[in-house]
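Here is the structure we will look at, set down as structure tokens.
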Amino acid sequence: MMAPSGPSSLRRRCRRCLYWIPVLFISIIVCWSYYAYVIQLCLVSMDNIGEKVLCLIAYHFFVLLFVWSYWKTIFTLPMNPTKEFHLSYADKELIEREPRGESQQDVLRRLAKDLPVYTRTMSGAIRYCDRCQLVKPDRCHHCSVCDKCILKMDHHCPWVNNCVGFSNYKFFLLFLAYSLFYCLFIVATDLQYFIKFWTNGLPDTQAKFHIMFLFFAAAMFSVSLSSLFGYHCWLVCKNRSTLEAFRSPVFRHGTDKNGFSLGFSKNLRQVFGDERKYWLLPVFTSLGDGCSFPTCLVNQDPEQATTPSGTNIVAKSADNHQFPAKPLRESQSHLLTDSQSWTESSCSEEKGKLGMSNPALTIEKET
């Protein structure tokens, strides 16, 4: 029997409708820009046939890639943690019975010991979501708007009415890139007619106002998109999400803002995949399953947060080898094995070199 819909259900539906307003706004702007560029600029204002054909072909190429990547960003469902991270019914009852504190953490540690979970809360506790009742995978966060835990959550974007995370981060990057190129192309090809508008070189028709507003709109969007796209390119190079840029992830050895960085090339491949022919297309090619990620200690950074003891965390061995904090899933481990494969003996040797001089550097072996 279905529960009757009450005021809360009605409010929830209204809220969902309101969330689509930014997407509707962007769609209206794109539709108007199509009309202004194709009809008013190319077909009405351009006299040179060659220029008209070239502009129309290039414009439709950019608008196709822009709309395709925007569509994929909006309608690709965010990925949620797999079943293994969810608590069983018996475990849920056990968690509810245990008071919050060390006893509950003992239960969570037992549940998480066989999971590829390497990050912790700021206090060093297992990351657990009360709402979803699951152990959070690394880089996973609960979205208050979607009311779900999202794998490798970057942020919730109102302009796409969706969470940007592991499943659609590549699409989001391409959306930013192609929307920027779309705006820059309009600015470049509309510039001479915009100048003619101010020098009374255009016929006195409605086309001149479309040309003027089109130039202003494209120029303003270009400025905001260039800064946003540049910021996300920097995040990809550092292998960080927006959330991790504001709050560094905490590992067993302490806070480490570069804990997931594997170097520029591998960081890029983690988002765009191994096959370069698909990098510029909005098709899913990201590496891994979104639940586990390669981790390694990194070079000492002047901005690096210190451990509670006050010592900075040094991130590579004397031999300059990278190594994962724990065994990795097969879907992600090849990112590290390109340069160096690690065995139990080599990890033990590294522990002997570093752990004796600084307790913060000791690799904690999971049992």
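One is the number of the first residue; the rest follow in order along the sequence.
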Closest approach of [X] and [Y], non-hydrogen atoms and distance?
X      : Y      : value
Lys257 : Pro249 : CA-CD, 4.2 Å
Cys291 : Leu151 : SG-CD1, 3.9 Å
Ser292 : Asp289 : N-OD1, 3.3 Å
Pro158 : Pro22  : O-CB, 3.3 Å
Asp91  : Ser88  : OD2-OG, 2.9 Å
Arg127 : Pro137 : NH1-O, 2.9 Å

When rounded to the nearest 0.5 angstrom, what distance separates [atom1] in [X] from [atom2] in [Y]?
X      : Y      : atom1 : atom2 : result
Asn168 : Thr76  : CG    : OG1   : 5.5 Å
Asn161 : Leu24  : CG    : CG    : 11.5 Å
Leu235 : Asp154 : CG    : CG    : 6.5 Å
Asn258 : Thr295 : CG    : OG1   : 12.5 Å
Ser33  : Ile28  : OG    : CD1   : 12.0 Å
Cys129 : Leu87  : SG    : CG    : 10.5 Å

Sequence neighbours excluded and cut-off under 3.5 Å, please list the side-chain donor-acceptor pairs for residues 37-47, or say none.
from	atom 1	to	atom 2	distance (Å)
Tyr37	OH	Thr189	OG1	2.9
Gln40	NE2	Tyr35	OH	2.6
Ser45	OG	Gln40	O	2.8

Between [X] (side chain) and [Y] (backbone), is there a donor-acceptor pair under 3.5 Å?
X      : Y      : value
Ser167 : Leu77  : yes
Gln105 : Ile126 : yes
Thr73  : Phe171 : yes

Which side-chain N or O atoms in residues 62-72 pair as donor and acceptor under 3.5 Å with protein atoms at least two apart or in another chain?
from	atom 1	to	atom 2	distance (Å)
Ser69	OG	Leu65	O	2.9
Ser69	OG	Phe66	O	3.0
Tyr70	OH	Trp159	O	2.6

Side-chain heavy atoms of [X] within contact of [Y], under 4.5 Å:
X      : Y      : answer
Ser286 : Gln270 : no
Arg110 : Val107 : yes
Arg240 : Trp234 : yes
Cys163 : His156 : yes
Ile195 : Gln192 : no
Arg16  : Arg12  : yes
Ile74  : Val160 : yes
Cys157 : Asn162 : no

Using the side chain to side chain donor-acceptor pair (under 3.5 Å) rule, take Thr285 and Lys170 through it: C-alpha gap first, then chi angles, then the decisive distance, then the call. CA-CA 8 Å; Thr285 54; Lys170 178 192 173 184; 2.8 Å; yes

Pairs under 3.5 angstrom only: tabulate donor-acceptor contacts from the side chains of residues 275-283 to other protein residues two or more places apart or in another chain.
from	atom 1	to	atom 2	distance (Å)
Trp279	NE1	Phe272	O	3.3
Trp279	NE1	Gly273	O	3.0

Quick test of your reading: applying salt bridge (charged side-chain N to carboxylate O under 4.0 Å, His left out), list the pairs with at least one residue in residues 128-146, sequence neighbours left out, ordered by first then second residue. Arg100-Asp130, Arg131-Asp147, Arg139-Glu244

List the residues meeting ring-ring contact (aromatic ring centres under 6.0 Å, His included) with [X], not counting sequence neighbours, and say none if there are none.
X      : answer
His232 : His155, Tyr169, Phe172
Phe284 : Phe166
Tyr231 : none

Can a side-chain donor-acceptor contact be found between Asn267 and Ser261 if the only test is distance below 3.5 angstrom? yes

Are [Y] and [X] connected into the same hydrophobic cluster when the rule is that any two of I, L, V, M, F, W, Y join if their side-chain heavy atoms are below 4.5 Å apart?
X      : Y      : value
Val117 : Leu134 : no
Phe175 : Trp20  : yes
Ile186 : Leu228 : yes
Phe75  : Leu176 : yes
Met153 : Tyr128 : no

More than 12 foreign heavy atoms under 6.0 Å from NZ of Lys148: is that the case here? no

Other residues, nucleotides and ligands only: do more than 12 of their heavy atoms fall within 6.0 Å of NZ on Lys52? yes

Which ILVMFWY residues are connected to [X], directly or by a chain of links, through side-chain heavy atoms under 4.5 Å apart?
X      : value
Met220 : none
Tyr19  : Val145
Leu18  : Ile21
Val250 : Met122

As a quick check of understanding, evaluate side chain to side chain contact (heavy atoms under 4.5 Å, CB included) for Phe293 and Tyr118, giving each step before the final call. CA-CA 9 Å; Phe293 297 88; Tyr118 317 135; over 6 Å; no

Do Phe221 and Tyr182 make the cut of ring centroids closer than 6.0 angstrom? no

For this output row, return yes or no: ring centroids of Phe194 and Phe213 closer than 6.0 angstrom. no

Keeping to residues at least two apart or across chains, list the side chain to side chain donor-acceptor pair (under 3.5 Å) pairs with something in residues 209-225. Trp32-His210

Run the numbers on His60 and Ile57 for side chain to side chain contact (heavy atoms under 4.5 Å, CB included), then give the verdict. CA-CA 5 Å; His60 282 91; Ile57 292 173; over 6 Å; no

For Cys149 and Asn80: C-alpha separation, side-chain torsions, deciding distance, then whether side chain to side chain contact (heavy atoms under 4.5 Å, CB included) applies. CA-CA 6 Å; Cys149 280; Asn80 311 120; 5.8 Å; no

Test log, rule side chain to side chain contact (heavy atoms under 4.5 Å, CB included), inputs Phe85 and Leu111: CA-CA 9 Å; Phe85 291 91; Leu111 296 173; over 6 Å; no

